[in-house]
Amino acid sequence: MKNTISTFKDAKLKGEKLTMLTAYDYTNAKLVDEAGINGILVGDSLGMVILGYENTLPVTMEDMIHHTKAVSRGVKNALIVGDMPFMSFHGDINATVMNAGRLIKEGNAHCVKIEGGADFCQEIKAITRASIPVMGHIGLTPQSFNAFGGFKVQGKNAVAAQKILDDARALEEAGAFAIVLECVPAKLAEKITKAVNIPTIGIGAGIGCDGQILVMQDMLGMNSDFTPKFVKKFAAMGDESKQAYTEYIQDVKSGAFPEMKHSFAIDDETIDKLI
Ligand code: KIV
């Protein structure tokens with residue numbers, strides 16, 4: 001079944017949990033889509049897990065379009081969300097709408113995601129006016145890494161928690177169709193989820209959200225450097241991949257690979273004719 005923003009709205013009404021993962025390439029997007037996910041976020045987290053940057057700030061519109069296009073070729077049913085990278089929606093409003101439009105026209109995304117709360121309502125209104133659905137993202141917004149002084153849980157005191165709740169209401173009012181809640185206390189996420197009529201998608205925000213999202217490399221156990229507390233590893237792909245690479249190296253060096261069954265034949269007669 002094709003997922004659209006209506007699927008997201010209906011799921012909230014019916015109390016059905018929404019599932020999302022990030023993906024950045026054709027092969028993995030196809031696998032996730034075939035597994036039956038509701039939505040795929042081509043997140044600017046690709047800056048860290050694909051491109052090896054320390055944070056998401058260097059990611060460009062060109063990076064996002066390149067990866068969103070690749071993902072779209074592998075997807076039949078999932079809703080594709082293209083992430084607006086740092087500084088692509090912070091200047092002139094026309095440039096913001098054009099950048100959102102590029103993720104749809106060139107990247108083949110179905111909608112875009114913007115990090116930030118009430119301060120970005122004008123941008124969300126302008127993008128939705130262009131018939132581009134917008135997913136909001138509040139709590140720990142990684143593009144505000146420098147302003148936050150690192151990757152930290154947000155909304156732990158009354159003032160900060162109230163601000164996030166107010167932001168969620170403002171995003172709904174501005175026309176966002178869903179909101180990512182990242183790294184906020186579970187009870188706050190639950191309160192926000194009850195306070196708004198659009199679905200909340202949690203990452204490090206507890207069970208009370210309308211859906212969940214994880215970064216693919218984290219949930220596959222591919223990151224050996226650091227695993228955030230909120231990540232459950234559903235596989236040990238990092239260890240399995242490294243084991244496969246090691247065996248490949250050994251087999252090539254020892255001559256165990258390739259075998260006859262991996263090789264192509266030619267008639268002896270033909271070979272013998274060669275001078
Ligand atoms: O870029 C990303 O992957 C994200 C998720 C963490 C929600 O924004």
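Here the structure is a predicted model, which is why all the values come from computation and not from measurement. As the structure lists them, so they are numbered: ligands from 1, and atoms in each ligand from 1.
Within the structure, side-chain hydrogen bond (donor to acceptor under 3.5 Å, both in side chains) contacts touching residues 248-274 (residues at least two apart or in different chains) do not occur.
With sequence neighbours excluded, no residue satisfies salt bridge (charged side-chain N to carboxylate O under 4.0 Å, His left out) with K233. With sequence neighbours left out, N99 forms a side-chain hydrogen bond (donor to acceptor under 3.5 Å, both in side chains) with no residue at all.
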Contact table, ligand 1 N/O with protein N/O, distance under 3.5 Å:
from     : atom 1 : to   : atom 2 : distance (Å)
ligand 1 : 1 (O)  : D44  : N      : 3.2
ligand 1 : 1 (O)  : D44  : OD1    : 3.0
ligand 1 : 1 (O)  : S45  : N      : 3.1
ligand 1 : 1 (O)  : S45  : OG     : 3.3
ligand 1 : 1 (O)  : D83  : OD2    : 3.2
ligand 1 : 3 (O)  : S45  : OG     : 2.5
ligand 1 : 8 (O)  : K113 : NZ     : 3.0

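Heavy-atom neighbours of K163 NZ from other residues, nucleotides or ligands within 6.0 Å: above the threshold of 12.
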**Request:** Quick one: do I93 and E123 satisfy side-chain contact (heavy atoms from CB on, under 4.5 Å)? Show the steps, please.
**Result:** CA-CA 6 Å; I93 206 88; E123 284 73 8; 3.8 Å; yes
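Salt-bridge annotation for D210 and K12: present, with a side-chain N of the basic residue lying under 4.0 Å from a carboxylate O of the acidic one.
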